[in-house]
Amino acid sequence: EAGVAQSPRYKIIEKRQSVAFWCNPISGHATLYWYQQILGQGPKLLIQFQNNGVVDDSQLPKDRFSAERLKGVDSTLKIQPAKLEDSAVYLCASSPSGRAPTSTDTQYFGPGTRLTVL
Amino acid sequence: GDSVTQMEGPVTLSEEAFLTINCTYTATGYPSLFWYVQYPGEGLQLLLKATKADDKGSNKGFEATYRKETTSFHLEKGSVQVSDSAVYFCALNSGGSNYKLTFGKGTLLTVNP
C-alpha cells in the first residue's frame, strides 16, 4: 500500500513570496491533516479535513494560509505572503475512512515539506 | 487544554544500553496515547500506541504502558541498537470535536556503537 505522498520535499523562498504544498493521502482515507513542525518542537495541527469538509482550522493563520481538498482526495496548503516565522516542516497525515474518526485511529504521515523563508 | 511533556534531550547511549524516555500528559476524558518515531530525513512513523488504561503497547522491542493514575506513558527498550537513533515523539488524541494529535517536543536519541 502506498503511503502519504507530499511534494515538494524542500522549498526555499524569500519573505512575502507565496508557496504551495501538495499532499496525496493513502487511498481510501477520508480524514486528512496538515501539521506544522517548527524546529525543536512537536508538530502542531493547522487544519483537518473530513472528506471535502473542514473539521478544524482554528490554528490556521487565515490571513496568510489557505488549504483546500478538492474531491475529497488530494489537498493543497498555500502560504501567501510568507513570513520568516513560517520556516518549518509541513506534514500531511491521513487516517482510515469508512467510519467517523475516533481517538484511537492511527494517523499516517508523509515525509513532509521543509520550507525555508529567507 | 491537552498537553504532553516529555523528557528533554538529547539522550546519548551506548549500544545494548537500557532506554527510558519519560512522557506525562494532561488531557480531558480518556485519551489514546502514541509514540511516534522520526528517523533522519523521514516522516513520522507510528511506533506503538495504547488506547485505554493499563494497556501496554509494544513494537520492535519498545514498550510503553498507559498509566492513568500517574498520567504517564514512558517509552522503554531493554537493549538499544545504533539503528534506533532517531527523534521520539509522545502524543495523545483525546477526541472531542476533532481528532488531532497533541505532541510533545520530541527527544533526540543517539546510540553509539
Side-chain angles (χ1 to χ4, degrees), chain A residues 2-7 9-10 21 23-26 29-51 53-60 88-97 99-114, chain B residues 1-10 21 23-53 55 57 59 66 73 86-108:
Chain A
V4 177
Q6 290 188 248
S7 67
R9 292 294 308 275
Y10 305 92
F21 313 127
C23 171
N24 184 251
I26 293 173
H29 282 196
T31 311
L32 185 147
Y33 310 80
W34 283 101
Y35 289 86
Q36 180 192 56
Q37 185 181 11
I38 292 173
L39 186 64
Q41 298 183 22
K44 181 187 78 173
L45 180 72
L46 290 175
I47 188 167
Q48 176 187 343
F49 292 94
Q50 181 72 17
N51 296 308
V54 175
V55 174
D56 182 6
D57 63 357
S58 58
Q59 298 298 304
L60 189 73
V89 176
Y90 291 84
L91 297 166
C92 179
S94 67
S95 61
S97 66
R99 51 185 168 81
T102 74
S103 64
T104 65
D105 287 345
T106 295
Q107 294 183 22
Y108 298 86
F109 284 80
T113 297
R114 182 176 297 277
Chain B
D2 297 345
S3 67
V4 175
T5 302
Q6 65 180 100
M7 190 167 129
E8 296 269 336
I21 300 178
C23 172
T24 57
Y25 67 89
T26 302
T28 54
Y30 302 96
S32 295
L33 302 174
F34 303 81
W35 277 101
Y36 278 83
V37 60
Q38 189 171 34
Y39 298 104
E42 298 184 16
L44 291 163
Q45 301 175 25
L46 178 69
L47 182 59
L48 53 85
K49 71 179 183 182
T51 58
K52 61 182 187 294
D55 268 2
N59 186 25
Y66 188 160
F73 192 54
V87 181
Y88 293 81
F89 291 92
C90 185
L92 69 83
N93 188 332
S94 61
S97 60
N98 62 38
Y99 295 89
K100 71 177 183 181
L101 286 167
T102 298
F103 286 88
K105 290 187 176 182
T107 302
L108 173 63

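Naming convention: chains lettered A, B, ... in sequence-line order (proteins, then strands); numbering from 1 in each chain.
When all heavy atoms of B:Phe34 and A:Thr106 are compared, the closest pair comes out as CE2-CA, 4.5 Å. Of all heavy-atom pairs between A:Gln37 and B:Phe89, the closest is NE2-CZ, 3.2 Å.
Note: B:Lys49 NZ to A:Asp105 CG = 6.5 Å, rounded to the nearest 0.5 Å. The line from CG of B:Leu46 to CZ of A:Phe109 is 9.5 Å long, rounded to the nearest 0.5 Å.
When each of A:Val55, A:Leu46, A:Leu45 is checked for a side chain to side chain contact (heavy atoms under 4.5 Å, CB included) with B:Lys100, only A:Leu45 meets the rule.
Note on A:Gly42, A:Gly40, A:Pro43, A:Pro111: by heavy-atom pairs under 4.5 Å with chain B, the leading option is A:Pro43. When the candidates B:Gln38, B:Gln45, B:Glu42 are compared by the number of heavy-atom contacts under 4.5 Å with chain A, B:Gln38 comes out ahead. In terms of heavy-atom pairs under 4.5 angstrom with chain A, the leader among B:Ala91, B:Gly106, B:Ser32 is B:Ser32. Looking only at heavy-atom pairs under 4.5 Å with chain A, the residue among B:Thr51, B:Leu44, B:Leu33 that has the most is B:Leu44.
Residues passing the side-chain contact (heavy atoms from CB on, under 4.5 Å) test with B:Thr26 are B:Ser3, sequence neighbours excluded. With sequence neighbours left out, the side-chain contact (heavy atoms from CB on, under 4.5 Å) criterion links B:Thr24 to B:Thr5, B:Ser72, B:His74.
Contacts of A:Gln107 with chain B are made by both backbone and side-chain atoms, with heavy-atom separations under 4.5 Å. For chain B, the nearby part of A:Arg9 is the side chain; its heavy atoms alone come within less than 4.5 Å.
Between the side chain of A:Tyr35 and the main chain of B:Leu101, a donor-acceptor pair closer than 3.5 Å is present.
Environment of OH in B:Tyr30: sparse, with no more than 12 heavy atoms of neighbouring residues, nucleotides or ligands closer than 6.0 Å.
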